[in-house]
Amino acid sequence: VALRLFASRGFGGTTTKAIADAAGVSEGIIFRHFATKDDLYAAILEERIASPDAQALLTTLQDAIASGDDARVVRETVRQFLISYRKNADFNRMILFAALEGVDLARASQRRVGTPVFALLRDYVRARQAAGVRHLLHGEAVGGCKALAGLEPGEMPVAVAAVGSGVARLLVLHRAI
């Protein structure tokens with residue numbers, strides 16, 4: 001219930017009273033389990049971080065990178081992000097909403113969940129560029145990859161969006177999806 005409300009109203013727009021009403025419990029019950037709204041939000045983040053889906057995403061990308069197959073890395077990256085957004089739509093909306101609101105807990109989540117994934121991709125792009133490979137992607141995705149290779153994990157969402165957009169166009173052009 002709380003996840004759905006945070007996803008639709010944001011952290012600032014969601015009250016513990018609204019959560020309690022939607023769950024059909026008293027607000028006191030919520031505070032019996034969570035001292036603050038921040039604690040409830042953090043519990044949602046921790047549950048996602050510890051989920052098998054989050055670990056599967058990282059493992060799948062690590063396997064693709066270990067294969068040395070650039071096309072597989074691109075396919076799996078796009079595929080895993082699409083799967084994540086489909087399976088965990090409310091969670092992803094909650095995180096995006098929180099990022100727009102500047103919620104500190106969202107930044108902490110990004111560091112714990114996003115940083116390993118984005119650092120893995122950044123390091124892969126850097127290694128391939130160092131090896132002289134320049135054909136990974138085309139168009140705006142190349143700019144996104146260059147940005148991705150030079151950014152720190154906390155700065156990556158914009159670069160990832162550019163890479164994703166370019167990769168999606170490339171895959172559609174080559175009828176790979």
Side-chain angles (χ1 to χ4, degrees), residues 2-4 6-7 41-100 103-177:
L3 173 59
R4 190 178 72 247
F6 284 133
Y41 192 90
I44 293 169
L45 293 174
E46 286 301 318
E47 181 180 318
R48 174 68 185 130
I49 290 167
S51 76
D53 289 344
Q55 187 55 48
L57 183 145
L58 190 57
T59 300
T60 300
L61 293 180
Q62 289 169 329
D63 291 347
I65 287 170
S67 75
D69 180 348
D70 295 337
R72 179 179 171 199
V73 171
V74 171
R75 273 193 315 272
E76 285 302 323
T77 300
V78 172
R79 184 174 158 282
Q80 290 301 315
F81 280 104
L82 290 174
I83 288 169
S84 173
Y85 278 96
R86 244 184 248 135
K87 284 179 78 174
N88 306 296
D90 281 345
F91 179 81
N92 285 296
R93 267 193 297 276
M94 181 184 86
I95 292 299
L96 292 172
F97 212 134
L100 290 172
V103 175
D104 287 337
L105 287 168
R107 285 190 205 95
S109 171
Q110 174 62 28
R111 284 190 297 274
R112 296 218 25 231
V113 177
T115 297
V117 172
F118 296 131
L120 184 68
L121 294 171
R122 180 201 60 210
D123 294 347
Y124 177 75
V125 170
R126 283 181 178 167
R128 297 302 285 151
Q129 287 175 336
V133 175
R134 302 282 183 244
H135 69 281
L136 288 176
L137 305 166
H138 298 288
E140 69 268 21
V142 172
C145 273
K146 287 180 182 173
L148 188 64
L151 293 177
E152 291 307 310
E155 303 170 308
M156 292 189 184
V158 172
V160 169
V163 172
S165 172
V167 168
R169 287 182 185 166
L170 178 64
L171 292 174
V172 169
L173 286 174
H174 291 283
R175 294 186 175 91
I177 57 172

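None of these values were measured; they are calculated from a predicted model.
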For Asp90, give me all partners under salt bridge (charged side-chain N to carboxylate O under 4.0 Å, His left out), at least two apart in sequence or on another chain.
Arg93
Where the side chain of Asn88 meets the backbone of Phe91, is there a donor-acceptor pair that is under 3.5 Å apart?
no
When rounded to the nearest 0.5 angstrom, what is the spacing between CG in Leu61 and CD in Gln80?
6.0 Å
Could you state the interatomic distance from OG1 (Thr60) to CZ (Arg79), rounded to the nearest 0.5 Å?
7.0 Å
Over all heavy atoms of both residues, which pair between Ile65 and Tyr124 is shortest? Give the atoms and the distance, please.
CG2-CD1, 3.6 Å
Listed partners of Gln55 passing side-chain contact (heavy atoms from CB on, under 4.5 Å), at least two apart:
Leu58, Thr59
Spacing of Leu3 atom CG and Leu45 atom CG [to the nearest 0.5 Å]:
9.5 Å
Residue list, salt bridge (charged side-chain N to carboxylate O under 4.0 Å, His left out) with Asp53, at least two apart or on another chain:
Lys87
